[in-house]
Amino acid sequence: MKKNFTVIVLSALALTACSTQQADEQPNKRDLIERVLDQSKAPDIIPAAFFHHFPDKFGPKAVEEHIAFFHETGNDILKVQYETLPPQWEIKTAKDFGKVEELPAEYFEPQLQVIEALASQLKDSALIIPTVYSPLLILHQAAGEEVDEVIKKNPAAAEPAFEKLAKSIENYIRAARKRGADGFYVSSHGGNIEFFGQDSEVWTKYLRKWDKYISEVADSVAPINILHICGGEYENLDAWADYPGTIINLPEFDVEKLRHAQEVFNRPILGGLDHHGVLINGTLEEVYAQVDKVLSDGPQNLILGANCTVPDSTASDRLRAVIDYAHTWRQTHRK
């Protein structure tokens, strides 16, 4: 039996959107997300959110850039980008995995300060959702992607490193929750599972265990989490259906595949647009036509967005136009 994510989330968030609120009133952005979590009906206002990285990673400038982007675009989720780099470890042989150390919460202090500042200014009106990376992706940051060859040859030797990195991420998640995070955007596996093979022992026995662990930690401490399955060539996305996550963000943007995913995961979908497609390269009329298709034929409970972060050069007013279009779509497209 599937876990009733909607009941748990709505109870934990303790949000109090008035059920009699008129459709033409703009609700609090936290309320917009709450309404999507109720999969029994389609919300009157379709929320939307797009994300990209910022020039400044930490400090007051990073806070200012997050806030400016949030207001300029009209985003319905404030996603805090993850920018902390791990120590650099040279890993050329199996014994080198012993160099990997668990990182304490204090290691992430600059990132935590950004979260705390954003929560103090915007938490009443928006969900504060920091990004977290997978143990594999953090290992790539620490040792380069060539570490995959070493993992593939001896995954058992690599597992203690996966565990230490997973516990490092757990330390960050628990500290971020205390500093004001409402939940987390959990990026699963780092995007190159095709190198190992989705059905390989490396993935099924070693990588998946600690990858899923991150989602389980986030689910244990926060009421709303977005499971982002990072881009890659997958044989079957249904394999992630047992991961916790309140909302699912897939690498797919095909409408039929998104509908199938909502049925399989039994949770709302974030997405619908290609982060390097017409959203970026087309005219606004072409983007609106794609949005029409997604909202007409796609999942009933959708947060319009992209399958991954959009290029940093994407103009905020362009994203604002698409978000505004989504917000009014049900009123302008009633049959």
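Source: prediction; values computed, not measured.
Between Pro86 and Tyr107 the shortest heavy-atom distance is C-OH, 3.3 Å. Closest approach of Asp124 and Asn28 over heavy atoms only: O-ND2, 3.0 Å. Between Val186 and Ser215 the shortest heavy-atom distance is CG1-OG, 3.6 Å.
Applying the side chain to side chain donor-acceptor pair (under 3.5 Å) test to residues at least two apart or on different chains, none of the pairs has a partner in residues 54-68.
Side chains of Ser168 and Glu102: no donor on one and acceptor on the other come within 3.5 Å.
Shown here are the side-chain hydrogen bond (donor to acceptor under 3.5 Å, both in side chains) partners of Arg179, two or more places apart in sequence or in another chain: Glu109, Glu116. Residues passing the ring pair (Phe, Tyr, Trp, His ring centres under 6.0 Å) test with Tyr82 are Tyr133, Tyr172, sequence neighbours excluded. Applying the ring pair (Phe, Tyr, Trp, His ring centres under 6.0 Å) rule to Trp89 yields no partners; only residues at least two apart in sequence or on another chain are considered. With sequence neighbours excluded, no residue forms a ring pair (Phe, Tyr, Trp, His ring centres under 6.0 Å) with His275. Legend: residues meeting side-chain contact (heavy atoms from CB on, under 4.5 Å) with Lys209, ordered by chain and number and at least two apart, are Glu159.
Relative ring orientation between Trp329 and His333 is described as parallel, the plane-to-plane angle staying below 30° on a 0-90° scale split at 30° and 60°.
Taking OG of Ser120 as the reference point, atom CD1 of Ile115 lies at 12.0 Å (rounded to 0.5 Å).
Heavy atoms from other residues, nucleotides or ligands lying under 6.0 Å from CD of Gln88 number more than 12. Heavy atoms from other residues, nucleotides or ligands lying under 6.0 Å from CD of Glu216 number more than 12.
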